[in-house]
Amino acid sequence: MIRAALITAALLLAGCATAPASSVPTAADIDAEVRRLMAREDVKGMAVAVIDNGEVVHVAAYGQRNVERNLPLQTDTIMYGASVTKAAFAYMVMQLVDEGRIDLDRSIADYLPRPLPEYEDYVDLAGDERWRLLTPRIILNHRTGLANMRWLEEDGKVRFHWTPGERYGYSNEGFWVLQTVLEQGLGLDVGAEMQTRVFDRFGMTRTSMQWRDDFAGNLADGYALDGSFEPHDRRDNVAAAGSMDTTISDQARLWAGVLRREGLSAASRAELIRPQYAINSASQFPTLSPATDPRGPAIGLSAGLGVVAFTDPVAGHTWFKGGHNDWTGNMVLCQEARRRCVVFLGNSVRAELIYPELTHFILGDTVMPWWWGGWGYSAVP
């Protein structure tokens with residue numbers, strides 16, 4: 001608790017010392033820079049939203065949602081949210097915290113009607129009582145000790161690689177466990193809760209945790225680093241770790257609302273983005289690597305709840321969440337004191353190659369740890 005208080009005090013001091021925020025570039029200048037960088041890196045399609053002082057000031061889409069049919073990407077085109085879903089899910093969980101329905105620091109064993117290993121998806125954990133150490137906070141901090149996904153294990157089984165709470169290690173598996181807790185322990189429908197508590201709240205009319213047939217007329221297909229095509233995956237099952245389909249316009253509404261501190265108590269909103277556990281890993285992926293890097297601690301790189309935070313010498317407290325697969329590259333990056341965000345959605349994973357330069361162009365100097373993300377930034381110092 002003392003350490004957390006010291007971190008909070010340091011962040012407040014950093015915020016007080018933050019230099020005055022310069023204006024974001026004009027819409028025309030942003031559009032020109034995006035198109036220039038897309039042409040340079042052969043990015044097939046991407047979309048951008050800019051939020052300043054908690055208000056959406058620019059939303060645009062560029063390139064194509066389907067190259068083969070020469071279909072343009074538009075601001076209402078359905079795109080895969082990927083792991084940006086996790087941050088939206090954490091926001092929903094904090095509403096449950098506000099209502100007293102879940103405690104961040106209580107064992108998941110207190111919520112489940114029967115032991116976790118008795119559920120079909122978690123029989124591999126039978127005999128390992130460490131599952132009882134899992135709490136919603138540990139899960140949302142990515143400190144479960146579980147691999148990112150079970151099918152990355154040689155035998156495809158779920159197991160703990162370290163005691164829960166012991167260290168940071170990104171894990172989709174953890175978020176699936178918390179989804180099980182909400183569904184089996186609290187009797188909630190996570191898809192429905194996300195719809196009413198998040199998507200409907202912010203007027204996100206073209207966002208869902210499951211495939212909707214009305215998405216079919218305007219959706220983005222994906223493109224890998226080599227430009228190869230991948231059709232949009234129609235996700236019929238709700239997955240807290242990353243099933244959200246969305247648009248850049250809807251994401252702009254979501255993060256503007258979060259920056260305006262809507263829908264949560266002041267305490268829960270602060271907890272969502274508070275640096276809670278120091279990250280010293282050399283990169284986010286591979287998730288089980290023991291390698292460390294001093295650059296993370298140097299900027300206060302830390303796990304929040306579904307997001308990652310750091311202290312920027314210019315902008316102060318900054319937090320972010322990425323989303324990635326072989327055909328998708330997304331990023332939400334927000335400067336808390338300025339209430340300023342950039343949101344990038346890419347249906348071409350090559351878009352990740354230009355996000356550092358675009359962020360610098362739109363937000364100015366930042367120590368955003370692109371080196372740590374492990375997505376597509378290997379060429380960036």
Side-chain angles (χ1 to χ4, degrees), residues 11-41 43 46-63 73-76 84 87 202-204 247-262 269-270 272-273 299-300 304 307-322 329-346 351-370 373 377 380-381:
L11 287 170
L12 290 173
L13 290 172
C16 293
T18 298
S22 58
S23 299
V24 298
T26 66
D29 286 344
I30 293 171
D31 290 345
E33 183 67 359
V34 172
R35 291 189 175 103
R36 182 185 73 83
L37 293 173
M38 285 180 68
R40 190 191 75 191
E41 295 295 342
V43 177
M46 64 172 289
V48 175
V50 180
I51 300 159
D52 191 22
N53 197 28
E55 300 296 332
V56 178
V57 297
H58 186 54
V59 179
Y62 314 87
L73 187 69
Q74 301 167 314
T75 56
D76 64 346
V84 171
F202 293 116
M204 301 167 68
T247 71
I248 191 62
S249 293
D250 280 359
Q251 288 299 296
R253 295 184 186 98
L254 170 60
W255 300 110
V258 172
L259 275 183
R260 292 194 299 266
R261 299 159 172 78
E262 296 177 1
R269 171 57 174 73
L272 184 74
I273 63 166
I299 60 171
V307 299
V308 176
F310 65 94
T311 302
D312 193 285
V314 175
H317 185 193
T318 304
W319 47 274
F320 66 93
K321 183 69 191 84
N330 301 333
M331 176 58 66
V332 178
L333 173 61
C334 298
Q335 298 171 330
E336 185 68 9
R338 295 174 174 176
R339 296 201 299 170
R340 184 177 288 178
C341 287
V342 289
V343 185
F344 301 132
L345 299 181
E352 292 182 336
L353 298 173
I354 67 176
Y355 289 169
E357 289 173 83
L358 276 179
T359 299
H360 177 82
F361 183 81
I362 297 169
L363 297 183
D365 291 339
T366 174
V367 295
M368 169 67 186
W370 301 106
Y377 311 119
V380 180

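Since we're looking at a predicted model, the values are computed, not measured.
Annotation: the span from I51 atom CD1 to R340 atom CZ amounts to 11.5 Å, rounded to 0.5 Å. Between atom NE2 of residue H317 and atom OG1 of residue T311 there is a gap of 6.5 Å, rounded to the nearest 0.5 Å. The CD atom of E357 sits 7.5 Å away from atom CD of E41, with the distance rounded to the nearest 0.5 Å. Between C334 atom SG and L363 atom CG the span is 9.0 Å, to the nearest 0.5 Å. To the nearest 0.5 Å, the span separating CZ on F344 from CD on Q251 amounts to 13.5 Å. Atom CE of M46 is separated from atom CG of N330 by 10.0 Å, given to the nearest 0.5 angstrom.
Minimum heavy-atom separation, T247 to L345: C-CD1, 3.9 Å. The minimum heavy-atom distance between G346 and Y355, with the atom names listed, is N-OH, 3.4 Å. Across every non-hydrogen atom of G54 and R260, the tightest pair is O-NH1, 2.6 Å. The heavy-atom pair separating V59 from V56 by the smallest distance is CG2-CG1, 3.4 Å. Nearest heavy atoms, A61 versus Q74: CB-C, 3.4 Å. Closest approach of A49 to A252, counting heavy atoms only: CB-CB, 3.7 Å.
For the pair M204/L254, a side-chain contact is recorded, criterion being any heavy-atom separation below 4.5 Å from C-beta on. Side-chain contact between Q335 and D52 is absent, with no heavy-atom pair separated by less than 4.5 Å. Counting heavy atoms from C-beta on, the side chains of E336 and I273 come closer than 4.5 Å. I30 is listed as a side-chain neighbour of P25, based on a closest heavy-atom distance under 4.5 Å.
Residues passing the ring-ring contact (aromatic ring centres under 6.0 Å, His included) test with F361, sequence neighbours excluded: none. By the side-chain hydrogen bond (donor to acceptor under 3.5 Å, both in side chains) test, E55 pairs with no residue at all, sequence neighbours left out. Considering only residues two or more places apart in sequence or on other chains, T359 meets the side-chain hydrogen bond (donor to acceptor under 3.5 Å, both in side chains) condition with none of them. Under the rule for a salt bridge (Lys or Arg N to Asp or Glu O under 4.0 Å), the partners of R253 that lie at least two apart in sequence or sit in another chain are D250. Residues forming a side-chain hydrogen bond (donor to acceptor under 3.5 Å, both in side chains) with R35 (at least two apart in sequence, or on another chain): none.
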Check against side chain to side chain contact (heavy atoms under 4.5 Å, CB included), W370 and M331 | CA-CA 11 Å; W370 301 106; M331 176 58 66; 4.3 Å; yes

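Side chain of Y62 to main chain of M38: no donor-acceptor pair is present (N/O by atom type, distance under 3.5 Å, no hydrogens or angles).
Here the options are V34, T75, V342, the test is side chain to side chain contact (heavy atoms under 4.5 Å, CB included), and the partner is V48; only V34 passes.
Residue pairs meeting the salt bridge (Lys or Arg N to Asp or Glu O under 4.0 Å) criterion with at least one partner in residues 23-33, sequence neighbours excluded, are E33-R36.
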